[in-house]
Q: 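Here it is, the structure in full.
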There are 2 protein chains.
Amino acid sequence: MADKRRVILDAAVRVFARDGYHTSRVGDIAEEAGIAHGLLYHYFASKDEVLATIFRENWGELIGAFHRVEASGEPADEQLRGIAKTLLRSWRNDADLVRVLVREVARSPQLQAQVDEVGEVFLTIQRVIERGQADGVFREDVDPRLASWIVYGGLEEILTGWVLGQLPDGDEEVARAERTIIDVVCSGLAATPS
Amino acid sequence: MADKRRVILDAAVRVFARDGYHTSRVGDIAEEAGIAHGLLYHYFASKDEVLATIFRENWGELIGAFHRVEASGEPADEQLRGIAKTLLRSWRNDADLVRVLVREVARSPQLQAQVDEVGEVFLTIQRVIERGQADGVFREDVDPRLASWIVYGGLEEILTGWVLGQLPDGDEEVARAERTIIDVVCSGLAATPS
DNA sequence: GAGGCGGTTGACTGACCGTTCAATCGCCGA
DNA sequence: TCGGCGATTGAACGGTCAGTCAACCGCCTC
């Protein structure tokens, strides 16, 4: 008797993760959810809206988590660690969801509507880096905007490695990935003691 | 009287770059190439094969360029710079091609066949990092495999920023991106003088 | 100028799939 | 027990496209 809407969304995540958005049929989602495919249109206007909903709900949560890190008052390098943790641990929490977000959304075709929300993730990282520079923790000869893209790219690529099964993804390895990227990025950004 | 095959491939790159693989029709490619769509099947077995050909031909070239850098005998950090140059400058060379490779191929659905060739790019970066560690240029407490994914991710994300029009991509900025990512990565990987 | 042949055309087919909707179910309140 | 209504079903529709194929073109050769 769980909320059908949720059931459908969860099923859709599994199906999109398995087959990709374009190649999965509405009927597949319905079957996975254990409903007739017509019922999906009782809850969603279209297949597109299902994907958009998955994106909106979960990406919003990610942004929230990032903002909480940002507001924590920790030093900038610790905040970067917090962001890395949030992103990388989401893999263990819900691998299928990460699969969908990484593959379908991050570089979707007409992302006009999503650009703002995706951009907010980059902006948060950028602000953390800028604060680190202002506090003297990070070097100032690096463009924070570019740096934020590089940092996010490193994180996303690790997720991609796990999504594609090309990088080991046990608890151990997730922790190591976290350590590694923070090590590299933070010493790469570190202020050189003059 | 140019080779029709080439004409079709070039047209396909433009169309895939504009509309994405799944949403672009064979007829669109044909129109862009100035031929009847039936003729496409004279040169290619299917729409899939067109994309696969685009990938194979161009990715192979990228791997070749990477291998040339690797064989250059330069120190590891210079080799990383060479790799970054190769990848980032490809944007100015052929933006549409980069668009297609980044969006359609790097995380395509059934990439079983492509995994080897994609993997070779990571392996090359990994070998460069390992050589840097052996030569004492890079710190040894970082897993070269993970580091290669992080480095590639940073590079690809910058390309993505350009693809999405979210990062400025003038000559100036491309050069700066090159400098920035190498700065960050190389000092992030640098051996700490003990 | 006849014959042949690779290149080229575009109408057509067959299948697929998102979406609609009329019919049915089953719960609940009166 | 009845009526009503939201939830649910799945057959049918409509449109889209990848891929096929029979005909045609124009160039070359003999």
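Since the model is a prediction, treat every value here as computed from it, not as a measurement.
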Q: Please list, chain by chain and in numerical order, all residues satisfying salt bridge (charged side-chain N to carboxylate O under 4.0 Å, His left out) with B/Arg89, sequence neighbours excluded.
A: B/Glu178

Q: Using the test salt bridge (charged side-chain N to carboxylate O under 4.0 Å, His left out), find all partners of A/Asp141 that sit at least two apart in sequence or belong to another chain.
A: A/Arg139

Q: Return the minimal non-hydrogen interatomic distance between B/Ile29 and B/Ala11, and the atom names on each side.
A: O-CB, 3.9 Å

Q: Please list, by residue number, the residues of residues 8-16 of chain A whose heavy atoms come closer than 4.0 Å to an atom of DNA chain C; answer none if no residue qualifies.
A: none

Q: Once salt bridge (charged side-chain N to carboxylate O under 4.0 Å, His left out) is applied, do any residues pair with A/Arg56, and if so which ones, sequence neighbours excluded?
A: none

Q: Test: salt bridge (Lys or Arg N to Asp or Glu O under 4.0 Å). Region: residues 37-47 of chain B. Which pairs qualify, not counting sequence neighbours?
A: none

Q: At the 4.0 Å heavy-atom cut-off to chain A, mark where contacts on DNA chain D begin and end, going 5' to 3'.
A: D/dA7 to D/dA11

Q: Tell me, for nucleotides 8-26 of chain C in 5' to 3' order, what letter each nucleotide earns: B for a base near a protein heavy atom under 4.0 Å, S for only sugar-phosphate near one, - for neither?
A: BBBB-----SSBB------

Q: Just jot down the salt bridge (charged side-chain N to carboxylate O under 4.0 Å, His left out) partners of A/Asp169, sequence neighbours excluded, or say none.
A: none

Q: In a table with atom names and distances, give each donor-acceptor pair under 3.5 Å that connects a side chain of residues 33-44 of chain A to protein atoms at least two apart or in another chain.
A:
none

Q: Looking at residues at least two apart in the chain, or sitting in another chain, which of them share a ring-ring contact (aromatic ring centres under 6.0 Å, His included) with B/Tyr21?
A: B/Phe16

Q: Output every pair passing ring-ring contact (aromatic ring centres under 6.0 Å, His included) with a member in residues 114-144 of chain B, not counting sequence neighbours, ordered by first then second residue.
A: B/Phe122-B/Trp149, B/Phe122-B/Tyr152

Q: Strictly by salt bridge (Lys or Arg N to Asp or Glu O under 4.0 Å), give each pair with a member in residues 58-68 of chain B just once, sequence neighbours left out.
A: none

